[in-house]
Amino acid sequence: MIPRFNGIVVGMDEAGRGSWAGPVVAAAVILPKGLKLKGLKDSKQVTAKAREKLFQLIVAACPYGIGVATEIEVDEKGLLNATYCAFQRALENLPTVPDQILIDGRDKFSFKIPHLSIIRGDQKVPCISAASILAKVSRDRMMVDYAKTYPNYGFELHKGYGTEAHQRSLRQFGPCDLHRHSYKPLKALQCSQTAFL
C-alpha cells in the first residue's frame, strides 16, 4: 500500500544502470493533480513508439527535470553513487521544489527532502512511471546520438546493454571511451585480450 502525501510529490526513476556503456540518466516528474495520461506504465512495459508519445505528453503537461551521470562517474564513483548524482541533478533541474520524493527501487539515498524508495514503484505510482518514461526515452536518444561517434558498436540498437551483438563488437574492436571500464564483463574482456598479446 502506497501512503498518501500532502504537498508537491515528485516521482523519480533512472535508466541505464545495467548498461555496459554510456550514462545513467535520471528523471524527476511532478504529475499535476487530476492529470490522466492514457497508457502510462513502467517504461519497460511500453513499446518504443508508445514511449515517445508518452514522453511528448509528459513534457508538455508536467514539471520535470533530467539528470545525467556519465560513464566516467560510474567508473570513478561506483554505480550507486553515480545514480545518486543523476537523481540529484534531475531534482536541481526541476522548476519546482517538491515536498516529497518517491523513488523507484529499494536503494536508500540521502536527499534533504523527505523521500521514500518503493520497490516496483514504476509499476505502482504514476509519477514514478512518468519519470521512468522520461529517463528511458532521454537515454535512448543519447545512445542513438553516441552511435554516430562510435559506429562500430550498434549503440543505436542495444543502447549499451550486454547483448550478443554488443559482445561481438567488443571482441572485435575492444571497448571505446563510452564503455564502463570498471564493469566485470569489460574487465574480463580486457584480461582475455591481454592474454593473447
One should read off an interatomic distance between Ile118 CD1 and Met12 CE, to the nearest 0.5 angstrom, of 13.0 Å
All heavy atoms of Leu31 vs all of Cys127, minimum pair found to be CD1-N, 3.5 Å
Practice prompt. Kindly say whether Ile119 contributes a backbone atom to a donor-acceptor pair with the side chain of Lys124 at under 3.5 angstrom?
Written response: yes
query: Going hydrophobic residue to hydrophobic residue with side-chain gaps under 4.5 angstrom, can you get from Ile66 over to Leu54?
result: yes
Gly160 backbone acceptor or donor facing Ser19 side chain under 3.5 Å
yes
Taken to the nearest 0.5 Å, the spacing of Leu94 CG from Ile30 CD1 works out to 4.0 Å
Quick check on the hydrophobic clustering: are Val137 and Leu157 connected, directly or via other members, by side-chain heavy-atom contacts under 4.5 Å? no
- Query: Just wondering, more than 12 heavy atoms not from Arg141 lying within 6.0 Å of its CZ?
  - Reply: yes
One should read off an interatomic distance between Glu156 CD and Tyr150 OH, to the nearest 0.5 angstrom, of 14.5 Å
Could you go step by step and tell me if Leu186 and Arg180 meet the side chain to side chain contact (heavy atoms under 4.5 Å, CB included) rule? CA-CA 7 Å; Leu186 274 295; Arg180 301 175 185 176; 5.7 Å; no
d(Lys108 NZ, Ile103 CD1) to nearest 0.5 Å is 9.0 Å
Would you find a donor on one side and an acceptor on the other, under 3.5 Å apart, between the side chain of Asp75 and the backbone of Ser182? yes
Check: Are the side chain of Ser132 and the backbone N or O of Ile128 linked by a donor-acceptor pair below 3.5 Å?
Finding: no
Here the gap from Glu14 atom CD to Leu79 atom CG, rounded to the nearest 0.5 Å, amounts to 8.0 Å
Applying salt bridge (charged side-chain N to carboxylate O under 4.0 Å, His left out) to Lys136 and not counting sequence neighbours gives Asp140
Would you check if Arg139 and Val24 make a side-chain contact, meaning some heavy-atom pair closer than 4.5 Å?
no
Shortest non-hydrogen pair, Gly18 vs Tyr161, comes out as C-CE2, 3.5 Å
Review point. Are any non-hydrogen side-chain atoms of Ser117 and Arg106 less than 4.5 angstrom apart?
Key: no
Separation between CG (Leu80) and CG (Asp107), nearest 0.5 Å, reads 5.0 Å
Linking I/L/V/M/F/W/Y whenever any side-chain heavy atoms sit under 4.5 Å apart, do Val97 and Val10 land together?
yes
Could you see if Leu102 belongs to whatever hydrophobic cluster contains Phe111? Use Ile, Leu, Val, Met, Phe, Trp, Tyr and a side-chain cutoff under 4.5 Å. no
| Are any of the side-chain heavy atoms of Leu40 and Ile58 separated by less than 4.5 Å? | yes
Verdict with reasoning, Gln167 to Trp20, per side chain to side chain contact (heavy atoms under 4.5 Å, CB included): CA-CA 10 Å; Gln167 292 178 51; Trp20 293 8; 3.7 Å; yes
Taking His115 for its side chain and Phe109 for its backbone only, find out whether a donor-acceptor pair lies under 3.5 Å.
yes
Nearest heavy-atom contact between Arg120 and Asp104 is C-OD1, 3.6 Å
Got a sec: does the CD1 of Ile113 have more than 12 other heavy atoms crowding it under 6.0 Å?
yes
>> Between Leu134 and Val59, is the side chain to side chain contact (heavy atoms under 4.5 Å, CB included) condition met? List the steps.
In response: CA-CA 8 Å; Leu134 261 56; Val59 299; 4.2 Å; yes
_Side chains of Leu57 and Lys38, heavy atoms from C-beta outward: is any pair under 4.5 Å?_
no
Would you check if the side chain of Thr70 reaches a backbone N or O of Pro23 as a donor-acceptor pair within less than 3.5 Å? no
Residue set satisfying salt bridge (charged side-chain N to carboxylate O under 4.0 Å, His left out) with Asp145, at least two apart, ordered chain then number -> Lys148
Report yes if some heavy atom in the side chain of Pro175 is under 4.5 Å from a heavy atom in the side chain of Leu170; otherwise report no.
yes
Are there over 12 heavy-atom neighbours, none belonging to Tyr153, within less than 6.0 Å of that residue's OH? yes
Parallel, tilted or perpendicular: rings of His181 and His179 (30°, 60°): perpendicular
Same cluster or not: are Val144 and Val25 linked, directly or through other Ile, Leu, Val, Met, Phe, Trp or Tyr residues, by side-chain heavy atoms under 4.5 angstrom apart? no
Scanning both residues in full, the closest heavy-atom pair of Ala135 with Ala27 reads N-CB, 3.7 Å
request  = Check whether any side-chain heavy atom of Phe87 sits under 4.5 Å from a side-chain heavy atom of Ile101, and report yes or no.
outcome  = no
Q) Would you say the side chain of Lys53 lies within less than 4.5 Å of the side chain of Lys49, judging by non-hydrogen atoms? A) no
Shortest non-hydrogen pair, Arg51 vs Ile133, comes out as O-CG2, 3.6 Å
Closest non-hydrogen atoms of Asn152 and Ser169, given as atom of the first, atom of the second and distance, are O-OG, 3.3 Å
**Beyond-backbone contact of Arg89 with Val68, side-chain heavy atoms, under 4.5 angstrom** = no
Problem - Geometric class of the Phe155/His166 ring pair [parallel <30°, tilted 30-60°, perpendicular >60°] - result: perpendicular
